[in-house]
A.B. asks: 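Below you'll find the structure I mean.
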Amino acid sequence: MILGAGQQQQELTGIAGWAADVIEAMGAVGVGLLIALENLFPPLPSEVILPLAGFTASEGRVNVIAVIVGATLGSLLGALALYGLGAWLGHERACRLADRIPLVDTAELDRATSWFADHGGKAVLFGRVVPVVRSLVSVPAGIERMPLPRFCLYTVIGSGVWNTLFVIVGYVLGAKWQRAEQFANWATWAVLVLAVLWIVKFVVTRTRRRRAGSHA
């Protein structure tokens, strides 16, 4: 597909070309559909879809606010599908499946489940800005039956921030929207560094508490 870009035209192929066809045909609804599919199939990259949608909006062929709303509703729809999968799976069935997977310890799954019960809100909120994680985090949320209104709220906030950021980047970059992938890499690394720092802080705090309790 060929997209006009002022004085420049760009031929898109592969996933970008297919996404451009969907957006061209369906507008903001198409963006929402693509992002819903991205939640279910992580190899379909929102880092391509969202800036492309922003670029299309910059040319006046779709409303940028409608694109952001459509993308966020698509994120919620895809997340709810995976939440439903987790709720259907349940903790006991997940443990039975874990027993059949080599090198997976059911005790580790129990500990992860316990952690998610305490920190699931943060995981859902901040996980929305981490590739692959933003899709998979909906499954343990469903397994643990996180209250649906809270799950939806965290999903909309986290996904809304991510979607808005990359749609605006594509809108501002215009014909150079593909450079947004570099920005995505920086954003991902920043989030991962913050996540590692938070985990280190959590472990250090927990270790200090245990030592203090043993000396009490």
Side-chain angles (χ1 to χ4, degrees), residues 3 5 10 12 15-16 18-20 22-83 120-138 141 148-195 198:
L3 295 175
Q10 184 177 28
L12 301 178
I15 291 177
W18 174 69
V22 173
I23 296 171
E24 188 80 19
M26 303 178 67
V29 174
V31 176
L33 176 62
L34 290 169
I35 295 301
L37 290 174
E38 186 261 348
N39 273 263
L40 301 174
F41 305 101
L44 188 64
S46 64
E47 293 88 341
V48 171
I49 297 167
L50 294 172
L52 174 59
F55 163 53
T56 305
S58 73
E59 293 203 314
R61 285 182 284 171
V62 64
N63 182 273
V64 66
I65 300 299
V67 165
I68 293 171
V69 171
T72 303
L73 290 176
S75 297
L76 179 60
L77 182 62
L80 285 172
L82 292 174
Y83 178 96
K122 295 176 183 177
V124 171
L125 179 63
F126 295 108
R128 296 300 171 193
V129 297
V130 180
V132 181
V133 172
R134 63 172 164 265
S135 297
L136 298 181
V137 74
S138 299
L148 198 55
R150 188 152 61 100
F151 173 79
C152 291
L153 177 63
Y154 289 147
T155 297
V156 167
I157 293 174
S159 298
V161 169
W162 180 264
N163 295 340
T164 300
L165 185 62
F166 280 92
V167 169
I168 295 301
V169 167
Y171 188 93
V172 172
L173 290 177
K176 299 177 181 179
W177 63 270
Q178 289 175 316
R179 293 185 180 179
E181 188 173 357
Q182 297 176 352
F183 179 78
N185 293 333
W186 297 336
T188 299
W189 277 109
V191 170
L192 290 176
V193 168
L194 289 174
W198 182 86

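For the numbers below, each heavy atom of this structure counts, side chains included, while hydrogens, waters and symmetry mates do not.
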A.B. asks: Hey, are the side chains of Leu80 and Leu148 touching, using non-hydrogen atoms and a 4.5 Å cut-off?
C.D. replies: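 The answer is yes; the side chains approach within 4.5 Å.
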A.B. asks: Which atom names give the shortest non-hydrogen contact between Ala141 and Tyr83, and what distance separates them?
C.D. replies: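 Scanning both residues completely, I find the closest heavy atoms to be O-CE1, 3.4 Å.
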A.B. asks: Nearest 0.5 Å, please: how far is CZ in Phe55 from CD1 in Ile23?
C.D. replies: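 These two atoms lie 10.5 Å from each other.
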A.B. asks: Distance from Leu52 atom CG to Leu34 atom CG, nearest 0.5 Å?
C.D. replies: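 Here the rounded value is 9.0 Å.
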A.B. asks: Does the side chain of Ile35 reach to within under 4.5 Å of the side chain of Ser75, using non-hydrogen atoms?
C.D. replies: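 SC-SC contact between Ile35 and Ser75 confirmed.
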A.B. asks: To check you understand the geometry: which heavy-atom pair defines the closest contact between Gly78 and Leu40, and what is its length?
C.D. replies: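 In terms of heavy atoms, the two residues are closest at O-CD2, 3.8 Å.
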A.B. asks: At their closest point, which heavy atom of Val62 faces which heavy atom of Ala28, and how far apart are they?
C.D. replies: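 Closest approach of Val62 to Ala28, heavy atoms only: CG2-N, 3.7 Å.
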A.B. asks: What is the distance from atom CG of Leu50 to atom CD1 of Ile168, rounded to the nearest 0.5 Å?
C.D. replies: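 Spacing of CG (Leu50) from CD1 (Ile168) equals 11.0 Å.
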A.B. asks: Taking atom CG of Leu77 and atom OG1 of Thr72, what is their separation to the nearest 0.5 Å?
C.D. replies: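 That separation rounds to 12.5 Å.
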A.B. asks: Might you point out which heavy atoms bring Gly74 and Asn39 nearest each other, and give the distance in Å?
C.D. replies: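 What the structure gives for the nearest pair is O-ND2, 4.3 Å.
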A.B. asks: As an exercise, state the distance from CG of Asn163 to CD1 of Ile68, rounded to the nearest 0.5 Å.
C.D. replies: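 Reported value, rounded in 0.5 Å steps: 8.5 Å.
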A.B. asks: Which residues satisfy the side-chain contact (heavy atoms from CB on, under 4.5 Å) test with Leu125, sequence neighbours excluded?
C.D. replies: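 Scan of Leu125 (side-chain contact (heavy atoms from CB on, under 4.5 Å), adjacent residues dropped) gives Tyr154, Ile157.
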